[in-house]
Protein chains: 2
Amino acid sequence: MVTIKDIAAKMHISTSTVSLVLNHRYDKRVRPDLARDILRTAEEMGYHYNELAASLRKGATHTIAFISDQVATTPYAGEIIHGAQDAARQLGYMMFIIDADGKRNLEQDLSHMLGWGVGGYIYAKFANRLVSVPHALNDRPVVVVNATERNGAHPSIAPDEVGIGYSATKYLLDAGCRRIAYIGVGVGTLAQTGRMTGYKNALHDAGIPFDNRLIVRVSQGTPAFEAVERLLDETKPDGVFAFNDARAVYVYDYAFKHGLTIGSDLSVIGVDNHEVICDTTVPALTSVELPHYEMGFWGACKVISMIEGGDPITENRATPAYHAVTIPTVSGDKSPALIPCAIIAKQSVVGEVS
Amino acid sequence: MVTIKDIAAKMHISTSTVSLVLNHRYDKRVRPDLARDILRTAEEMGYHYNELAASLRKGATHTIAFISDQVATTPYAGEIIHGAQDAARQLGYMMFIIDADGKRNLEQDLSHMLGWGVGGYIYAKFANRLVSVPHALNDRPVVVVNATERNGAHPSIAPDEVGIGYSATKYLLDAGCRRIAYIGVGVGTLAQTGRMTGYKNALHDAGIPFDNRLIVRVSQGTPAFEAVERLLDETKPDGVFAFNDARAVYVYDYAFKHGLTIGSDLSVIGVDNHEVICDTTVPALTSVELPHYEMGFWGACKVISMIEGGDPITENRATPAYHAVTIPTVSGDKSPALIPCAIIAKQSVVGEVS
DNA sequence: CTGAAAGCGCTAACAT
DNA sequence: ATGTTAGCGCTTTCAG
C-alpha cells in the first residue's frame, strides 16, 4: 500500500506538501508545477487516499446511513436508495445501508454506526404515514423520507397526496369525464385521506357535486373485486381514479368481464406507475408516479446539509440524474416538505394516443 | 468522546488491558472481576468502540459493499439487500451500498471504497443472465448474486431455473392438468431457456409428449395479450405455466373476457410471487418464489468467508431470519451455486383451497 | 512556499 | 496478569 509518506520520500519533499496537494487545497501555498508533479507521481505509484486515516484524524467521516425497517418489502425502496446514493456520491459521501427489522438489531447497528462515526441518517418508509423515528436516533441528524415525522422533530419529505388526487382527477375531467369514481383503501393513511381530499377539491373546482355513491374503499382479493364490480355496475361512471395501480387492475378485470374497452368506454388512472402493472395492462395504465428517486436525492442532500451546512442543490454541488418533478430546496423550512408528482400518460384515459 | 485511554486513566490501569477486555479476548490474561469492572465502567462512561481507529491499526475493516447497476429498477433488490445485510450484521460487518449506473461512477466509487478499505464486494443483478463483473473489481473478493458469472472468474449464485420449470409444471400435472401451455419471454435469457427445459423435462417424465403449439413467447402489452389469446383459443389447455406473474396476468384477462374461472376451468402458475400481482389477482395467483433473501444472505456469507475463511452458515455464525428454501453451503465449489425455489400455493390451480 | 512534528484512538509486540 | 510503547496514514499547527 502506497502512502503519502512514500510519495514524499520518493520526491524528497514533505508529507504536508503532498497532503495539501492531494486535498486540492494548495491555492497559493505550493508551486503549481510541483503540485502537478505530485499528482502525477501519486497516480503513477497507484496511490489511494486513505479515508480511514483521514477520518480518524479529522474526527469526521463523510458517511451517512440509509435506515429502513422495510427495505425488503418496499417495491420502490430501490429508487429511494438510488436517489440518495446519487446525491451522496456527488457530495463525497459513502452510504451504509441498514435494514432495521426489530428493535434489538437497530440498537446494535446504531452503536456500530457510532463506532464508524456515521454523521447522519436517512430514515425511509414504504408509504406515507405519520412516523416517529426510533428513540436511539433522536439527538442526531436525521431526515425522514417518504413519510411524515409525527412531531416535526426531524425534517421530512413526503409526496403531495392532495396534489396527487387533485391532478389525477383533473386529468380525467380534462379528458371529458364527468362521473368519476374513486377507489380507495380501507385504512385511513395520509395517502388515503390526502388523495381523496384532492379528488373532492378537483370536482368542486370543476363545479361537479361530490357523490358519495361513487366512492368505494377496498383492500384486496375477491371481496375487493366484488365491491368494485358493484360500484361500477350501479353507478356507471365514465372515469375512475384508483388509489393505486393494484386497485386499478380491478377496473380492468371488470372491463374484460363486461365487454368494455378501457380508454374509450371507461377511463382509469392509478398511482404508483408500477412498472409491472403499467406495462402489462392492456391498454397500458396511465398513472401518477411517486417521486421516489427525487425524495431519496433530497433526503441525502438535506442530511448532508445538516452536517456541513449549505444547500447542495441550489449550490449545484449535486445534480439529480433523473427527475420527473422539481426537487424542493433543502433550505426550505416547511416540514414535511411536499413533493409534487407527475402523471405518466399511457393509454387508459380517453383521448390518449395508443 | 470517551476513549480507552479515558477508561484506563479513570481506573488506574493500562490501555492494553482495557483494549483486551473490550475485544472479549481476555481468556486467561485479565482477572474476571477486573474485566467485569472494565465493561461496567465503559458502559457507564458511554464508551463507543472506534471502528475507524481499530481498522486503521489492524489494516482490515469489516466492511463489504453491495454493488448493483440496477438497485433502482429491481423490484426485488430490497430482498437481496435485506438478506445480505442480515448476514453482514451477524458477522460484524457494515455494508456500503453503491448504485453503479455508468462506468465513470463505478470507477470513482471503487477508488473511494478502496480508500475505505472495503474488503469484499457483492455484485447483484436483477435477472439471471450471464454477466461479467466490471474490470476494476476483478482482482478482489467478489461474489455475483442472482446472475451467473460468465467465465466462472468469481463465485456466483443463481436460481435453479430448470428446477423452477420442472416443479411448476409438475405441480400442474399433480393437480390433474394434462394439456399444459407455456408462456415464455422473447429474449433467450438463462431464465427463459432454463424454465422451458424444466417444463419439457417434467412433461417427459410424466409421459406426455411435448407439443410445440402449446408454447408462446411474448413480450408485453397488446401484442402479448393477443398472442396469448390466440394460443388459448386454439389449443384450449387446462393448465398454463407462465414465465412470470406478469405474463400470467394475460391468462386472467383471457379468462375474464371469455367467462372462464381460473382455478377450476383453467389452472395457472407464475414465477416471482410478485406481491402486487399475487395478492391482487382474483383468485390469487399461485407462483414460484425466487429466493432473493436467501441469495443475498448467501452472497454476504460467501464474500466474508473469502475474506476471513470459514463457512459462517455451517458454523452457525449467521442464521437467516427467513428462508423458504435451504441455503447452499458457502464452501461448495460449484459455480454458479443453484438455489432451489419454493412454490407459494394460492388459488389459481385446480384443487387448491380458496 | 515548504518542512517538522504532534497526535487522532486503537492494537500488538515486548517488558515487567 | 498487567503495563509500556511504537506505530497505522493522515492533517494541522507552528517554524522556518
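Residue numbers start from 1 in every chain, and the chains themselves are labelled A, B, ... in the order their sequence lines are given, proteins ahead of strands.
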Axis-to-axis angle across the helix from dC1(C)-dG16(D) to dT16(C)-dA1(D), five pairs an end, to 10 degrees? 40°
For [Y], is there any backbone N or O sitting under 3.5 Å from a side-chain donor or acceptor partner on [X]?
X         : Y         : answer
Asn146(B) : Ala124(B) : no
Ser335(A) : Ala337(A) : no
Thr41(B)  : Asp37(B)  : yes
Asp311(A) : Ile313(A) : yes

Separation of [X] atom [atom1] from [N] atom [atom2], in whole Å?
X        : N      : atom1 : atom2 : value
Asp33(A) : dT2(C) : CG    : C1'   : 13 Å
Asp6(B)  : dC8(C) : CG    : P     : 10 Å
His12(B) : dT4(D) : NE2   : P     : 13 Å

Check the angle between the aromatic planes of His62(B) and Tyr93(B) and answer parallel, tilted or perpendicular using the 30° and 60° thresholds. parallel
Going by heavy atoms in the side chains, are Phe297(A) and Ile327(A) under 4.5 Å from each other? yes
Distance-minimising heavy-atom pair for Leu22(B) and Ala42(B): CD2-CB, 4.1 Å
Answer yes when Arg317(A) and Glu308(A) have at least one side-chain N-carboxylate O distance shorter than 4.0 Å, and no when they do not. yes
Can you check each nucleotide of nucleotides 7-13 of chain D against protein heavy atoms at under 4.0 Å and return B for base, S for sugar-phosphate only, - for none, in 5' to 3' order? BBBBBB-
Any Thr17(A) side-chain nitrogen or oxygen under 4.0 Å from OP1 or OP2 of dG3(C): yes
